[in-house]
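Report on the following structure.
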Amino acid sequence: MQYEDQLKATAKAMVAPGKGLLAADESSATAAKRFEAVGVENTEENRRQYRQLLLTSDGIEEFLSGVILFDETIRQKDDNGTPFAEVLKSKGIIPGIKVDAGAKDLALHPGEKVTEGLDGLRERFAEYAQMGAGFAKWRAVYTIIGDQAPTVACHKANAHGMARYAALAQEAGIVPIVEPEVLLDGDHSIERCYEVTAETLDVLFQALKNQDVMLEGVILKASMVLSGKDAQDRADAQTVAEQTVKCLKEHVPDNLAGVVFLSGGQSEEEATAHLDAMNKIGGLPWPLTFSYSRAIQNPVLKLWAEGDKEKALAAYLHRGKANSLASEGKWSEDFEQNRPY
Ligand code: 13P
């Protein structure tokens, strides 16, 4: 493979000890929702100003190995006219790019989604590589509907799309993050989430193998094995950690470069506590770290919207440090006593 060494090196750097990823790749529609919740007008300039805080602040290099950007953001510049991707690189942080075109309704399967975005992807990868992207992200979503869904159709369609995307990314020298997200929505048990996550991973890794994707140059962005949001008696942090670690160990090949987690609607502290508990168990063949959006950004956006930039930055650095500690199993609840927000 042409970019084999580069892909391996980038993937390894993405999961370097004590580091993780910031997901800042909200589409304009998602950004609109987040801004509306805090009463900020969703203009391109406001998005640029907010993301300038996330991408250019001093100290972020202590906990970030990379940031996932949206198409608009990789084309934007800071107040000095330097492209955000350049600012990140100057800090030793790898710029990444979300390339999927979103999850659309899966035909003939009500309530299920399939992620689109393969059309023209080779050309888009060539452009993103020129703009400095070292890795990319593609997210597929799986909704648990009782015993009926996810269906085989949903598993197969999404895994096929992700594998084709991953192959195109590697062809361009860009590390693919594959993100099969089992949604938290619903009242399902943790056992049901385990079963669905296991199936999702099995089908995905088979599809990656079919397309000859090199796993040493792939990062899995996983959802944790959790009880549904509306379930009664939701599993505690230790159970979540044990079940997630077990599921990954049994269904993810050892030669994968690394695993990062999405937060998926967990609170900031839950997302940190779960990652920490998993790393305290340890004994895994790959590093486990974070790739959170909401569990890092929620307090930051709220404070920024209130006009308190200093506190917003303090909150950002605090969550960054907390998750950095958790990625090495060194976080404790005491750390949250000194929360600056
Ligand atoms: P959350 O951490 O808010 O789930 O977002 C992560 C992400 O990138 C979803 O694609």
Side-chain angles (χ1 to χ4, degrees), residues 14-15 20-35 37-38 50-51 54-55 63-74 94-104 113-117 133 135-143 158 161-162 165-166 169 175-186 193 197 200 204 219-226 228-229 240 244 258-276 278 288-302 315-316 319-320 322-324 326-327:
M14 288 166 71
V15 291
L21 306 176
L22 170 71
D25 59 324
E26 299 82 8
S27 63
S28 302
T30 304
K33 264 195 269 173
R34 305 268 191 273
F35 273 27
V38 294
Y50 170 60
R51 284 171 170 154
L54 297 180
L55 306 178
F63 57 88
L64 292 183
S65 57
V67 180
I68 316 172
L69 304 170
F70 185 56
D71 181 79
E72 173 185 276
T73 322
I74 202 169
I94 309 166
I97 183 77
K98 174 234 236 3
V99 299
D100 66 69
K104 308 287 157 66
K113 302 275 184 194
V114 61
T115 299
E116 296 187 348
F135 68 92
K137 179 187 113 172
W138 178 288
R139 170 176 176 257
V141 296
Y142 302 78
T143 308
N158 278 303
M162 257 187 297
Y165 139 82
V175 170
I177 296 182
V178 287
E179 181 181 12
E181 175 173 2
V182 177
L183 296 175
L184 193 59
D185 303 337
C193 181
T197 306
T200 302
L204 172 60
I219 300 290
L220 170 70
K221 180 156 172 168
S223 45
M224 298 178 196
V225 176
L226 300 158
K229 194 171 66 187
V240 168
T244 306
V259 179
V260 299
F261 289 99
L262 58 98
S263 58
Q266 300 176 54
S267 71
E268 295 107 70
E269 204 169 314
E270 264 177 338
T272 303
H274 288 154
L275 179 63
D276 184 68
M278 284 188 259
L288 296 183
T289 188
F290 59 94
S291 175
Y292 298 153
S293 163
R294 284 165 288 174
I296 291 179
Q297 291 191 48
N298 278 349
V300 185
L301 177 60
K302 186 168 168 286
Y316 182 29
R319 290 268 48 92
N323 288 311
S324 166
S327 74

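Just follow the structure's listing: the first ligand is 1, and inside any ligand the first atom is 1. Just so it is clear, the model here is predicted, and its values are computed rather than measured.
In summary, the side chains of T30 and S27 do present a donor paired with an acceptor at a separation below 3.5 Å, with no hydrogens or angles considered.
Using a 4.0 Å cut-off to heavy atoms of Y292, the atoms of ligand 1 that qualify are 2 (O). Against a heavy-atom cut-off of under 4.0 Å, A23 is close to the following atoms of ligand 1: 8 (O). Listed by number with element, the atoms of ligand 1 under 4.0 angstrom from any heavy atom of G264 are 1 (P), 2 (O), 4 (O).
Checked against side chain to side chain donor-acceptor pair (under 3.5 Å), E26 has the following partners two or more places apart in sequence or in another chain: R51, S293, Q297.
Side chain of S291 to main chain of F261: no donor-acceptor pair is present (N/O by atom type, distance under 3.5 Å, no hydrogens or angles).
Of all heavy-atom pairs spanning I74 and A133, the tightest one is CD1-CB, 4.3 Å.
Within the structure, the closest approach of K221 to ligand 1 falls below 4.0 Å when heavy atoms are considered. Heavy-atom distances between K98 and ligand 1 stay at or above 4.0 Å for every pair.
With a 4.0 Å heavy-atom cut-off, ligand 1 is reached by the backbone of S263 and by its side chain too. Under 4.0 Å from ligand 1, the heavy atoms of R139 that appear belong solely to its side chain.
Between H274 and L226 there is a side-chain heavy-atom pair separated by less than 4.5 Å. Between V300 and R319, every side-chain heavy-atom pair lies at or beyond the 4.5 Å cut-off.
Taking atom 3 (O) of ligand 1 as the reference point, the nearest protein heavy-atom neighbour is R294 NE, 2.6 Å. The single protein non-hydrogen atom nearest to atom 10 (O) of ligand 1 is K137 NZ, 2.5 Å, given as residue, atom name and distance. The nearest protein atom to atom 5 (O) of ligand 1, hydrogens excluded, is given as S293 CB, 3.2 Å; this is a heavy-atom distance. Looking from atom 9 (C) of ligand 1 to the surrounding protein, the closest heavy atom is E179 OE2, 3.3 Å.
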* Asked: Passes side-chain contact (heavy atoms from CB on, under 4.5 Å), D185 versus T143? Steps please.
  -> CA-CA 7 Å; D185 303 337; T143 308; 5.6 Å; no
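Within a 6.0 Å radius of NZ in K33, no more than 12 heavy atoms belonging to other residues, nucleotides or ligands are found.
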